[in-house]
Amino acid sequence: MAPQRKRIVHVADAAALAERACDELLELARRSIADQGTFRIALAGGSTPKLLYARLADQAQRTEFARWQVFFGDERNVAPDHADSNFRMASESWLARGQVPAQNIHRIEGELDSFQAAARYEQQLVAAFGSRSVPRFDVALLGMGADGHTASLFPNSSALEESRAFVTSTWVEKLGCNRITLTLRTLNAARAVYFLVAGADKAATLRAVLHDAGEAQALPVRMIQPWDGAVTWFVDRAAATQLGAD
Ligand code: 6PG
């Protein structure tokens with residue numbers, strides 16, 4: 001197990017976070033495309049990534065989007081045109097611009113029964129990566145909830161125990177709904193993880209995750225420990241107020 005490489009990138013605000021994460025993503029893509037001819041990215045859901053995706057939409061002259069393979073870290077159990085859909089959010093912010101070829105966009109079919117959607121996505125990953133080994137994303141983008149969840153891995157969830165599947169369906173008690181999510185096994189196989197954390201409501205949790213000891217299952221984001229990958233935290237000033245001079 002390689003020592004985990006963790007970096008914290010401090011930025012002023014959400015717009016600066018989008019700009020810095022975008023620049024680093026483009027460099028990562030450049031290296032991946034040069035090394036392997038492709039760049040495989042798992043997108044985060046929620047609201048923080050919107051500005052990053054909108055910025056990516058203006059970078060067609062800086063990268064070969066035709067070499068990008070775009071996946072999703074998780075999805076709500078809704079149709080792709082539903083207001084809660086992560087696919088809809090990413091489409092409206094970026095993918096609908098058509099720079100990434102449609103066949104390179106791998107959507108989680110949230111409109112299906114969540115167990116069926118998880119099983120079908122696992123098959124999509126096996127086909128896209130050409131292997132039954134755990135898929136290794138070049139980068140997984142992740143957000144963090146104030147409760148310490150990431151992707152759709154929520155505190156004390158049974159999904160945290162899933163050690164074989166690449167994708168799983170999970171009942172989220174606090175939301176009263178099912179979600180479909182990449183498992184820890186898949187997320188920890190990523191070659192790079194970018195956490196995008198902005199806003200004062202994340203400050204206490206960010207301090208707990210980065211500086212406090214404690215039960216990992218209570219803060220699933222702590223369980224993201226890529227076994228051979230680098231973790232970069234992009235945090236804005238409002239989220240970093242309790243970090244001290246780290
Ligand atoms: C989702 C995301 C989720 C998100 C966090 C942070 O589907 O909502 O996967 O893990 O990243 O809840 O969301 P915000 O960026 O909106 O704060």
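All figures in this text were calculated on a predicted structure; none of them were measured in a lab.
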K.L.:
Is there a donor-acceptor contact under 3.5 Å linking the side chains of Ser133 and Ser131?
P.N.:
yes
K.L.:
Of all heavy-atom pairs between Val231 and Pro226, which one has the smallest distance, and what is that distance?
P.N.:
CG2-CD, 3.4 Å
K.L.:
Looking at side-chain heavy atoms only, is the closest gap between Phe154 and Leu175 below 4.5 Å?
P.N.:
yes
K.L.:
Salt bridge or not for Arg88 and Asp81, using N-O below 4.0 Å?
P.N.:
no
K.L.:
Apply side-chain contact (heavy atoms from CB on, under 4.5 Å) to the pair Phe87 and Glu75, showing each step before the final yes or no.
P.N.:
CA-CA 7 Å; Phe87 173 81; Glu75 187 54 278; 3.4 Å; yes
K.L.:
Given the rule that I, L, V, M, F, W and Y join up when any side-chain heavy atoms are under 4.5 Å apart, are Val167 and Met223 in one cluster?
P.N.:
yes
K.L.:
When you measure from the side chain of Glu122 to the backbone of Ala165, do you find a donor-acceptor pair of N or O atoms at a distance under 3.5 Å?
P.N.:
no
K.L.:
Any side-chain heavy atom of Trp233 within less than 4.5 Å of one from Val221?
P.N.:
yes
K.L.:
Please round to the nearest 0.5 Å and tell me the distance separating atom CZ of Phe39 and atom CG of Asn104.
P.N.:
13.0 Å
K.L.:
Taking the side chain as every heavy atom from C-beta outward, state whether Leu160 and Leu153 have any atom pair closer than 4.5 Å.
P.N.:
yes
K.L.:
Just verifying a value: how many Å separate Arg20 CZ and Thr232 OG1, rounded to the nearest 0.5 Å?
P.N.:
9.0 Å
K.L.:
Output, in order, the C-alpha distance, side-chain angles, deciding distance and verdict of side-chain contact (heavy atoms from CB on, under 4.5 Å) for Gln59 and Cys22.
P.N.:
CA-CA 9 Å; Gln59 307 302 317; Cys22 180; 3.6 Å; yes
K.L.:
Please determine whether side-chain contact (heavy atoms from CB on, under 4.5 Å) holds for the pair Phe72 and Ile105, giving the CA-CA distance in whole Å, both sets of side-chain angles, and the decisive distance to 0.1 Å.
P.N.:
CA-CA 9 Å; Phe72 288 80; Ile105 300 171; 4.3 Å; yes
K.L.:
Rounded to the nearest 0.5 Å, what separation is found between the CG atom of Leu43 and the OG atom of Ser93?
P.N.:
10.0 Å
K.L.:
Is there a donor-acceptor pair closer than 3.5 Å between any side-chain N or O of His211 and the backbone N or O of Leu243?
P.N.:
yes
K.L.:
Please tell me if the side chains of Tyr194 and Leu28 come closer than 4.5 Å, counting only heavy atoms from C-beta onward.
P.N.:
yes
K.L.:
Check whether more than 12 heavy atoms from other residues, nucleotides or ligands sit under 6.0 Å from atom CZ of Arg237, and answer yes or no.
P.N.:
no
K.L.:
Hydrophobic cluster membership, with links at side-chain heavy-atom distances under 4.5 Å among I/L/V/M/F/W/Y: are Ile33 and Leu141 in one?
P.N.:
yes
K.L.:
Any side-chain heavy atom of Gln124 within less than 4.5 Å of one from Val126?
P.N.:
no
K.L.:
To the nearest 0.5 Å, tell me how far Asp147 CG sits from Leu219 CG.
P.N.:
8.5 Å
K.L.:
Any idea which heavy atoms bring Arg40 and Gln36 closest together, and the distance?
P.N.:
NH2-OE1, 4.0 Å
K.L.:
Any heavy-atom pair between the side chains of Glu24 and Val139 that's under 4.5 Å?
P.N.:
no
K.L.:
For Arg67, does the CZ atom sit with more than 12 other heavy atoms under 6.0 Å from it, leaving out its own atoms?
P.N.:
no
K.L.:
Closest approach of Trp94 and Ala57, non-hydrogen atoms and distance?
P.N.:
CD1-CA, 3.7 Å
K.L.:
First locate atom CD1 of Ile108, then atom CG of Asn77, and finally report the distance between them rounded to the nearest 0.5 Å.
P.N.:
10.5 Å
K.L.:
Quick check: is Trp171 connected to Ile180 through a chain of hydrophobic side chains (ILVMFWY, heavy atoms under 4.5 Å apart)?
P.N.:
no
K.L.:
Counting C-beta onward and ignoring hydrogens, is there a side-chain heavy-atom pair between Val235 and His10 closer than 4.5 Å?
P.N.:
yes
K.L.:
Mind checking whether Leu112 and Tyr121 sit in one hydrophobic cluster, side chains of I, L, V, M, F, W, Y counted as touching below 4.5 Å?
P.N.:
no
K.L.:
A side-chain contact here means heavy atoms from C-beta on lying under 4.5 Å apart; do Leu17 and Leu52 qualify?
P.N.:
no
K.L.:
Working to the nearest 0.5 Å, report the span between OG1 of Thr63 and CZ of Arg30.
P.N.:
10.0 Å
K.L.:
Looking only at heavy atoms, what is the nearest atom pair of Asp74 and Ala151, with distance?
P.N.:
OD2-C, 3.2 Å
K.L.:
Could you pull out the closest heavy-atom pair between Thr168 and Ala118, with the gap in Å?
P.N.:
C-CB, 3.8 Å
K.L.:
Kindly confirm or rule out a cation-pi arrangement of Arg136 over Trp227, judged by NZ or CZ under 6.0 Å from the six-membered ring centre and within 45° of its axis?
P.N.:
yes
K.L.:
Quick check on the hydrophobic clustering: are Leu51 and Val70 connected, directly or via other members, by side-chain heavy-atom contacts under 4.5 Å?
P.N.:
no
K.L.:
Do the side-chain N and O atoms of Thr181 and Ser152 include a donor-acceptor pair separated by under 3.5 angstrom?
P.N.:
no
K.L.:
Looking at residues at least two apart in the chain, or sitting in another chain, which of them share a ring-ring contact (aromatic ring centres under 6.0 Å, His included) with Phe137?
P.N.:
Phe71, Phe129
K.L.:
Is any side-chain N of the basic residue among Arg62 and Asp23 closer than 4.0 Å to the acidic one's carboxylate O?
P.N.:
yes
K.L.:
Flag the pair Arg31 and Asp138 as a salt bridge only when some basic side-chain nitrogen lies within less than 4.0 angstrom of an acidic carboxylate oxygen.
P.N.:
no
K.L.:
Is it the case that the side chain of Glu162 and the backbone of Ser158 share a donor-acceptor pair, with hydrogens and angles ignored and the cut-off at 3.5 Å?
P.N.:
no
K.L.:
Any salt bridge linking Asp113 with Arg120? Criterion: basic side-chain nitrogen under 4.0 Å from a carboxylate oxygen.
P.N.:
no
K.L.:
So, for Ser85 and Pro80, which heavy atoms are closest and what is the spacing to 0.1 Å?
P.N.:
OG-O, 3.5 Å
